[in-house]
Each structure stands twice: as structure tokens, then as C-alpha cells.
Amino acid sequence: MGNKKEQDFVKEITPMEEDFSQWYTDVILKTDMVDYAPVKGCMVIKPYGYGVWEGIQRVMDRRFKETGHKNAYFPLLIPESFLKKEADHFEGFAPEVLWVTHGGNEELAERLFIRPTSETMICTMYSKWVQSYRDLPVLINQWCNVIRWEKTTRPFLRTAEFLWQEGHTVHATEEEAQEETLKMLEVYRQVAEDELAMPVLLGQKSEKEKFAGANKTYTMEAMMHDGKALQAGTSHNLGQNFAKMFDIQYLDRDSVLKYGWSTSWGTSTRLIGGIIMTHGDNRGLMMPPRIAPTQVVILPIAFHKEGVLDKAFEIKSELAKTFRVELDDRDSYSAGWKFNHWEMKGVPLRLEIGPKDIENNQVTAVRRDTLEKFTIPMDGLTEKIAEILDDIHQTMFNMALKNREEKTYTTTDYEEIKRIMKETPGFVKTMWCGSRECEDKLKEETAATIRCLPFEQEHLGDTCPFCGKKAEHMIYIAKAY
RNA sequence: CGGGGCAUAGCGCAGUUUGGUAGCGUGCUUGGUUCGGGACCAAGAGGCCGCAGGUUCAAAUCCUGUUGCCCCGACCA
């Protein structure tokens, strides 16, 4: 990457080795994913970016339904008093809550806040809806927007308003709630790895990093091209904290009134940022085939010539039965320009139809992941393309995994950890005693945080590299977005 | 919230030091020739110089204030 020839092709994008932040900004703007909005901290998600979100929604929502969940919608505005019911939750979110104080010219009797997350509203409703053990479990998800008034923002990664899904469930037992929490984390893993081609590490958050109001928070962490970690989805076991504060009680089989056990889990448009920084390169985006807004782009070559355009349209309508296809028949751009344009937008497969192809009853194809150019016979085109898209998915996953492995270090030497975080950021696998003091020290001295206590624990040593006391857990640490 | 930068045509920038008719590249429009890795020629359209005050005969340019954005930290999905 980064050779002269390539740079000649991609004039608009700053190479990622030169300035990763600028690369990211260039890519999202130049590919028409987003635009900055005239509201502080907010972004406009343009059709191409929104198409990615629709793809994510499609593959994720299907899995929510398959695991028994239904969608619903709750209000955007929540009365102030709700927020104060759960103390940890209030403390966690109050600093970034946006308040609504007036209706027209009249001041509201009770201030409303715009949801930064909907536990308080949803639990309030659940307390009405749950009366009997027969009402359980409650398995509801909502797709919506939330607002967190952040100090600094970046498109997709952190914006004041963002789109997400939040699942909220109530169960009769602690075991069931725990099972649900892990089940949904697994759903997230499947979406990340099997749909977005983004390898993730699964594990539990430390006390410091867990969700405000949760007993346990589980996370999936992805590795970006610059060695920083991205929290790509979280699933919380809320215990009975919210059930008690919001009075979610049911009469059990044994005629005893009991509190429910609740969970919540969420992923957001941040995943789009993850896709960009996991797969993108100096030519621009690289879209995972299964959620790519356009999977195949067809470019007619020399299409003023007899039959070319007709053939291109014919192929398009055939492929459109199976794939998301676009035909670029704009005559105002040269073929070379279009090659670069669609590569920048990350369309997984490009098909060229020119006089030579028609003569040979074939199409010319170029893969975005390998840039490999080859021909495909017209017979069996659909089947072959399906095969290639699957292969592109697998290749992208493997490349991302390789990147993560190359940037994952194992050490129990604190000096080494400091050096790595300074010089070659990535994941560091190490041990930890479990104390908050060591966690704070790590953050302060290296700017890195404990990303998770992975499910797959290994014994790397007996002592905590930060304090020298007995090590209790294996952890992954990294600088994070 | 600290530190730094920027705001002039859709986008990227020059012009500001030393006040005096608003510039360049690209993109856009029209016509023509091109088309298998960012084509070419010709003719056009497009700007209260972020916003509000001030100084001046005269302000993109000087002074006050204000808003927004970007980058780096701290805080957070």
C-alpha cells in the first residue's frame, strides 16, 4: 500500500500511514457516507451511509426475531424524575443529558430529557405490563435515535445524536437473565464476524468500565487499522437494580411476589465507523459483501458501441434478482474515473461489459479486496458471483484477523506495555489483580484501558504487572475510540 | 472542559502582513470529439469573504465580540 501508482489513483484521500484521522475524515466525506450538519456534534447520514445502516439493521433484526424478540417504540422524551430513580444510572448519564424545558413559550412543570438510553422509560412501562410469571420473559427491542451531549464528536464514532438498537428484557430468574445477556452478545458476534467480516474479542467489562446501573457488562471489541480498539456492542445484565427501582414485580407460581431480572443490550451506527476503520485502505472503503449497499457495480465500456448498453442492462436485470446491483451508465465520466470512484466507495465486485466481453460471452470482473482482474463466463454468472462474494467476505475477515493478530502483544512486563502503547498501539494481553487502583494507573500512565476480561482466559503469569500482587484475571488492554 | 488551527464559489485553496473593482484549481452547465485504469477542445453560470458591532472617504483585509468546524488531550458507546 501507499506506492506511487496507487496514490496517483486516489488523489482525494490522505494515506492512512500519514494521518489516520484525516484518512478517516476524507473517506467518509469523499464517499458520500455523511456530511457535517449545521448542528453541533450532529451528522447527516447520506444515502450511501444509511444504506450500510439498513444492511446492519436487516441482518441484525433477523437474528433478534429468530431469538424471540419483537420490536416496539418508546417515547423520545422522558420526565426528569425517572432518571433519578436509579442512582448509578443517574450519575453515569446526567452529565451528558440534553434537557427540554419549554413547550412553546411556557416552562414545563417537570423538565423532560431526551433519552440517552431508554432503561428508565422502558422499565416504567414494564412495571405496568409485568404482573404474573406468565408475562415473562419480556423480550423487546427498539430501533431509535438517542442523544448524548458529548464534548467532542466524530462522525459515526461519537456523535451527539446517533441511531442504535436497544434491547430490553425481563426474566423470572437470574439464570435466565444471564443466559439472555450472553445470548445477545453472541448474536452481536455473529453479526460482526459473519456479516461485517469484523473479528471481535468477547469478554466482560471491568467494574470501572461497566454500564451505569448494570451488574455485569459484556462487550465485543474490534481492532481498527491504527491499532486502537472499538467497543462494537455491549450486553448488560442489570440484575434486579432496575426492577427494584421501577417496581417490576410478578406473582410467581408459588404465589410469592418477586422482582424480575432485566437485561439491556445495544449496538449503534458506530458499527459503521468500525467497518470503515477495519476494512478500509488507501483507495477508500471496502464494504463487507453481505451488508454492502451495492454488492455489484456494472460498468458498460465503450457503450456508444452497438449492443453494449443493452447487454449491460440485460445483465443488470438478471443479477438484480439476487444481488444489490448498480449500473453506472453515466456518459460524463470515463471508464478509468469510474473504476476509481467505485473502488473508493468499496463496492465488493465490479463487472465490466465491453465489446470484447460480448464477443466472448463473458464479463470482466475486478474484486475490491484483492483488486484481482479476471473474466467470468456468462453462463452460470449468478452462481459464480455468489461464490465470489462469499470468498470476498472470507478474505476480508482473514485480512482483518491478520491485522488484529499482528497488533496483539502478550507481555506481563509493565515497562513493555508502556512502550507498546507509545510506539506500536494494539491489544496487549496481560494479567491483572482486579483492583481499581491498577486500572486507574494504567489509564493515567498509558492512555490505554482494560478493554475486557476475555471469556477465553489464559494463564500468562502469577503477578499483576501494575502492582506485583497476585494476578486474578487475564485482560486485553488497548487505547480505544 | 484545556491546548492548537481554520472559516473567501459546491469542494480545496490564494489574497489579510502594507485597507482601494473578488482570484486560482477542481466541480457544475451547454456543444462537440472521446471511452478496457481518474480524456480533450470551446463557450458559460456561480461569492453580502461565518455572523454582529465598530474604525475609515473606503474593510475579505484593522479593532471588539460571537458562532461553528477540525486536530490533540481529559470524559464518554
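Every chain is numbered from 1 and lettered A, B, ... according to where its sequence line falls, protein lines coming before strand lines. Quick caveat, the model's predicted, so the values are computed rather than measured.
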Could you check whether [X] gets within reach of a base, just the sugar-phosphate, or nothing at all, counting any heavy atom under 4.0 Å?
| X | answer |
| --- | --- |
| D19(A) | nothing |
| R350(A) | base |
| G274(A) | nothing |
| Y36(A) | sugar-phosphate |
| T234(A) | nothing |
| T217(A) | nothing |
| E352(A) | base |
| F162(A) | base |
| T117(A) | nothing |
| L157(A) | base |
| K356(A) | base |
| P300(A) | nothing |

> Does NZ or CZ of R111(A) come closer than 6.0 Å to the centre of the six-membered ring of W99(A), within 45° of the ring's axis?
Replying inline: yes

Tell me whether [X] is salt-bridged to [Y], with the criterion being a basic N under 4.0 Å from an acidic carboxylate O.
| X | Y | value |
| --- | --- | --- |
| K479(A) | D226(A) | no |
| K418(A) | E415(A) | yes |
| K345(A) | E326(A) | no |

>> Counting only side-chain nitrogens and oxygens, does S334(A) get under 4.0 Å of the OP1 or OP2 atom of rC35(B)?
In response: no

>> Could you check whether T217(A) and H236(A), counting side-chain N and O atoms only, form a donor-acceptor pair closer than 3.5 Å?
In response: yes

Look through every strand shown and name the nucleotide pairing with [N] as Watson-Crick or G-U wobble, where both distances are under 3.5 Å.
| N | result |
| --- | --- |
| rA14(B) | none |
| rU33(B) | rA39(B) |
| rC1(B) | rG73(B) |
| rC49(B) | none |
| rA7(B) | rU67(B) |
| rG27(B) | none |
| rA60(B) | none |

> Nearest heavy-atom pair of A212(A) and F242(A): which atoms, and what distance?
Replying inline: O-CZ, 4.3 Å

> Which heavy atom in L196(A) sits nearest to a heavy atom in H279(A), and how many Å separate them?
Replying inline: O-NE2, 2.7 Å

> Closest nucleotide of RNA chain B for K208(A) versus for K373(A): which of these residues is on the 5' side?
Replying inline: K373(A)

> Considering heavy-atom distances to RNA chain B, does H304(A) or F156(A) have its closest nucleotide positioned more toward the 5' end?
Replying inline: H304(A)

Separation of [N] [atom2] from [X] [atom1] (nearest whole Å):
| X | N | atom1 | atom2 | answer |
| --- | --- | --- | --- | --- |
| E150(A) | rC76(B) | CD | C1' | 5 Å |
| E209(A) | rC75(B) | CD | C1' | 11 Å |
| K311(A) | rG36(B) | NZ | P | 21 Å |
| E161(A) | rC76(B) | CD | C1' | 17 Å |
| W342(A) | rG37(B) | CH2 | P | 19 Å |
| L299(A) | rG36(B) | CG | C1' | 11 Å |
| E18(A) | rC71(B) | CD | P | 16 Å |
| Q22(A) | rC69(B) | CD | P | 17 Å |

Taking the side chain of [X] as heavy atoms from C-beta outward, which of [options] is closest to it?
| X | options | answer |
| --- | --- | --- |
| T152(A) | rA39(B), rC1(B), rG36(B) | rC1(B) |
| K151(A) | rC71(B), rC75(B), rG37(B) | rC75(B) |
| Y333(A) | rC76(B), rG27(B), rG36(B) | rG27(B) |
| N340(A) | rG38(B), rG36(B), rC72(B) | rG38(B) |
| T25(A) | rC76(B), rC71(B), rG37(B) | rC71(B) |
| A335(A) | rC71(B), rG73(B), rG36(B) | rG36(B) |
| F339(A) | rC35(B), rG36(B), rC71(B) | rG36(B) |
| K443(A) | rG37(B), rC70(B), rC75(B) | rC75(B) |

> Is the base of rG36(B) touched by the side chain of T364(A) through a donor-acceptor pair closer than 3.5 angstrom?
Replying inline: yes

> Any N or O donor-acceptor pair linking the side chain of R148(A) to the base of rC76(B) at under 3.5 Å?
Replying inline: no

>> Using side-chain contact (heavy atoms from CB on, under 4.5 Å), reason through Y218(A) and M184(A) one step at a time and then give a plain yes or no.
In response: CA-CA 10 Å; Y218(A) 299 92; M184(A) 298 323 286; over 6 Å; no

> Hey, is rC71(B) sitting syn or anti, using the within-90° cutoff around 0?
Replying inline: anti

